[in-house]
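A, B, ... follow the sequence lines: proteins, then strands. Residue 1 opens every chain. The figures that follow rest on heavy atoms only: side chains count, while hydrogens, waters and symmetry mates do not.
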Number of protein chains: 4
Amino acid sequence: MKSEDKHRKIIQAAIKVFARKGFYNARVSEIAREANVADGTIYLYFKSKDDILISLFEEEMRKIINNMKEDLAKQKDPIEKIRKFASNHLSLMTRNQDLAEVLQVELRQSSKFMRDYVKDQYMEFLNIFASIIKEGQEQGIFREDINTGIAKRAFFGALDEMGRYWVLSTTRKHSIAESAKQISEIFIQGMMKNATKGKGKTA
Amino acid sequence: MKSEDKHRKIIQAAIKVFARKGFYNARVSEIAREANVADGTIYLYFKSKDDILISLFEEEMRKIINNMKEDLAKQKDPIEKIRKFASNHLSLMTRNQDLAEVLQVELRQSSKFMRDYVKDQYMEFLNIFASIIKEGQEQGIFREDINTGIAKRAFFGALDEMGRYWVLSTTRKHSIAESAKQISEIFIQGMMKNATKGKGKTA
Amino acid sequence: MKSEDKHRKIIQAAIKVFARKGFYNARVSEIAREANVADGTIYLYFKSKDDILISLFEEEMRKIINNMKEDLAKQKDPIEKIRKFASNHLSLMTRNQDLAEVLQVELRQSSKFMRDYVKDQYMEFLNIFASIIKEGQEQGIFREDINTGIAKRAFFGALDEMGRYWVLSTTRKHSIAESAKQISEIFIQGMMKNATKGKGKTA
Amino acid sequence: MKSEDKHRKIIQAAIKVFARKGFYNARVSEIAREANVADGTIYLYFKSKDDILISLFEEEMRKIINNMKEDLAKQKDPIEKIRKFASNHLSLMTRNQDLAEVLQVELRQSSKFMRDYVKDQYMEFLNIFASIIKEGQEQGIFREDINTGIAKRAFFGALDEMGRYWVLSTTRKHSIAESAKQISEIFIQGMMKNATKGKGKTA
DNA sequence: CATGAATGAGTCTTCATTCAT
DNA sequence: TATGAATGAAGACTCATTCAT
């Protein structure tokens, strides 16, 4: 329990520092200071600086995935699910900007090195969206020729780029809600079989 | 001229090494070796390691932008332009994977630090797509409520994520051409006013 | 008594660990684990890691010296005493290899630092041999020109080097008994006045 | 040539510092300062701190062995060779005390770790003495039952212990020359077939 | 212009020691 | 007494950058 706390405290500190400086420019001693522990204490909980980043990814991605799955379970309509997916994912940026920045920036950065560690969860996350499309296809809502392997990446990339803009932007012209709506409506209409605009509440 | 050559040789070497190791794990001495120059020579052409990356971005992005603009100038139809945009951008990955990897991975990585240097060209690139949408809106093809600021990022993000997958993937299930087609059709149909599927040659 | 036990337990553990890793590469925590006590407990019995080594030397050397003196007290003949000295000292290696290794290797290593702490007992040990020579000189057996200060070190060094070989060697071509015999016979004959080979049982 | 110089300069500095502090307490930065080079320069010439010690051993032992072989080549008589061996080896201590201390103290210290690196030359050195004995046995001077494997170690150990005393002692009661003489005469007489004292010049 | 040997600031990590429980 | 989590000082090593040639 106490030990769990310190583990979390260090992860939280790391998120802050990585977001502020980036992984390579972050100093272990700075994470320690931010976590209010001694430098050496870090190494009681993590094998190395790399290990902090990896653990951070695994743990936070797990939460994000679980949170998304829970959130979507409440919706039945694939179209509503897509809307929910977009707003959920983008609102994460609002709620936890530091984490968003780390996931956005650092996840990409060490791709080759890190992808081994987060690939599974990254895929699991993408496949949530793939399932929605498949569902929509089975229900005759979405076109059969939509390739889920491509569409899931396109949708995630669209949201991600928008999130990146939002996190890094200082002006923030577009609200998160509006962004989520625009992107989901483009994809919904873009994938639909008949050319009716996305049904249900459009806002 | 001779001087120009060496500048290029170093940039080319840096693209290779950054792609292979990532910016932070790349050694200046390794770039020098790859470029067949002495370590010190690098500093006759660039102020610092950072400066190599910045110059690399500016020069290569300039080429990409010009190439894209030229390519699109041949098309009149906004819908065809979108298709062209997607295939042009994605085929870049095929033609120059190392550069793609650097732009994909490293551009993101140092976002805050780098954004100052590449923001303008990044925006210029995005705005090419924004102009296409606007054109389409003016021609009554695309919905008026499409926010070009959001849509341009969504489209770019979708292509980029797909490109990242393609660059980093070892299996590459989805062909570049198919990916470009799927993504552009989703966006075209997703943004269209009336519900006709994208006209013109769909495949 | 209980306290005495723990002191010993730690010394014994230290002997094992120092033998295995060497003083500098031994970890206090490893000694603690080997002794089945907590890290902090070590510091209830010893001032520092150095202090463990010093205490170890003092206590074990005391035992060795007393044991040697006792053993030699049974012999009257200086020549027999030399033989006994050699076999006693070398057989120590067989009986307690870990201790032998620590004394052999670590004693030397920290010479300057340690000499202050073990010098007295080291000298006492050497002087046991010096006394034997003196005895032999007084009995007219050994040459008068033998310098006991030199001879005692030469004899000790000869045994020690042989012991080191035996402890570190994996093949061990020469038996401890044969080594003791060869060395003592060389010294006996080498120091004798008249040229009779060492009298008494030569084997 | 220039590079050779710096290599030597660092080795010489290391000998001084290792002698003064011992290997583990020596700081790489101190070696650098002693050698008048920057810390990083050390690593242009040696892979690691360990590598400095290993290189030092290999190079200096090579010199010692060659010097000894040369020196002995001038002598024909095995008995004179033993006298020469002793005086040569011990006078090394006088001439290069720092080196002697490093070889004496540090060679022993990291025995298991280091023996792999110096074993061959250590054996080569020991075998010089073994050859002398064998020669003497062939000439009928030394007893046949002298085991050269044991005697070479005994002789080396005797000299070494005496050398250690001389290097570490502050009072130095026994002169190097006298020590060499005493030890060689004990071994010569101790190994001789007939019991005549060492013939030839006893001094 | 070109070289590449030299520099030395900078950081992760280890581990003897402490101390609250 | 005993514990073992926490401490933080210390050091080997790296590598971007410089500069004498």
Undergrad: Do D51(C) and Y45(C) have side-chain N/O donor and acceptor atoms under 3.5 Å apart?
TA: no
Undergrad: Which stems does DNA chain E form, counting runs of 3 or more consecutive Watson-Crick or G-U wobble pairs with both distances under 3.5 Å?
TA: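 If one scans DNA chain E for consecutive Watson-Crick or G-U pairs, the stems found are E:2-21 with F:2-21.
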Undergrad: Is there a side-chain polar atom (N or O) of R27(A) under 4.0 Å from OP1 or OP2 of dG10(E)?
TA: no
Undergrad: Between dC15(E) atom C1' and I52(C) atom CD1, what is the distance in whole Å?
TA: 13 Å
Undergrad: With side-chain contact (heavy atoms from CB on, under 4.5 Å) as the test, pick out the partner of F46(D) among I11(D), I31(D), V28(D), L53(D).
TA: I11(D)
Undergrad: Distances under 3.5 Å between protein N/O atoms and the N/O atoms of nucleotides 17-21 of chain F, please, pair by pair.
TA:
residue : atom : partner : partner atom : Å
dT17(F) : OP2  : Y43(B)  : OH           : 2.7
dT17(F) : OP2  : K49(B)  : N            : 3.0

Undergrad: Among dT3(E), dG8(E), dT3(F), which nucleotide sits nearest the side chain of A38(D)?
TA: dG8(E)
Undergrad: Report the distance from atom CG of D5(D) to atom P of dA5(E), rounded to the nearest whole Å.
TA: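 Answer to the nearest Å: 15 Å.
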Undergrad: Test of understanding: with side chain to side chain donor-acceptor pair (under 3.5 Å), list the residues that count as partners of Q121(B), not counting sequence neighbours.
TA: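 Side chain to side chain donor-acceptor pair (under 3.5 Å) list for Q121(B), sorted by chain: empty.
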Undergrad: Closer to the 5' end of DNA chain E via nearest nucleotide, is it V37(B) or A26(A)?
TA: V37(B)
Undergrad: Between atom CZ in F46(C) and atom P in dA2(F), what is the gap in whole Å?
TA: 13 Å
Undergrad: Round to a whole Å and report the spacing from CZ of R33(D) to P of dT7(E).
TA: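 In whole Å, dT7(E) P and R33(D) CZ are 14 Å from each other.
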Undergrad: Does the side chain of E59(C) reach to within under 4.5 Å of the side chain of R8(C), using non-hydrogen atoms?
TA: yes
Undergrad: Would you say Y45(D) places a side-chain N or O within less than 4.0 Å of OP1 or OP2 belonging to dA6(E)?
TA: yes
Undergrad: Does any N or O in the side chain of K49(B) come within less than 3.5 Å of the main-chain N or O of F23(B), such that one atom is a donor and the other an acceptor?
TA: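 Judged by distance alone, yes, a pair lies under 3.5 Å.
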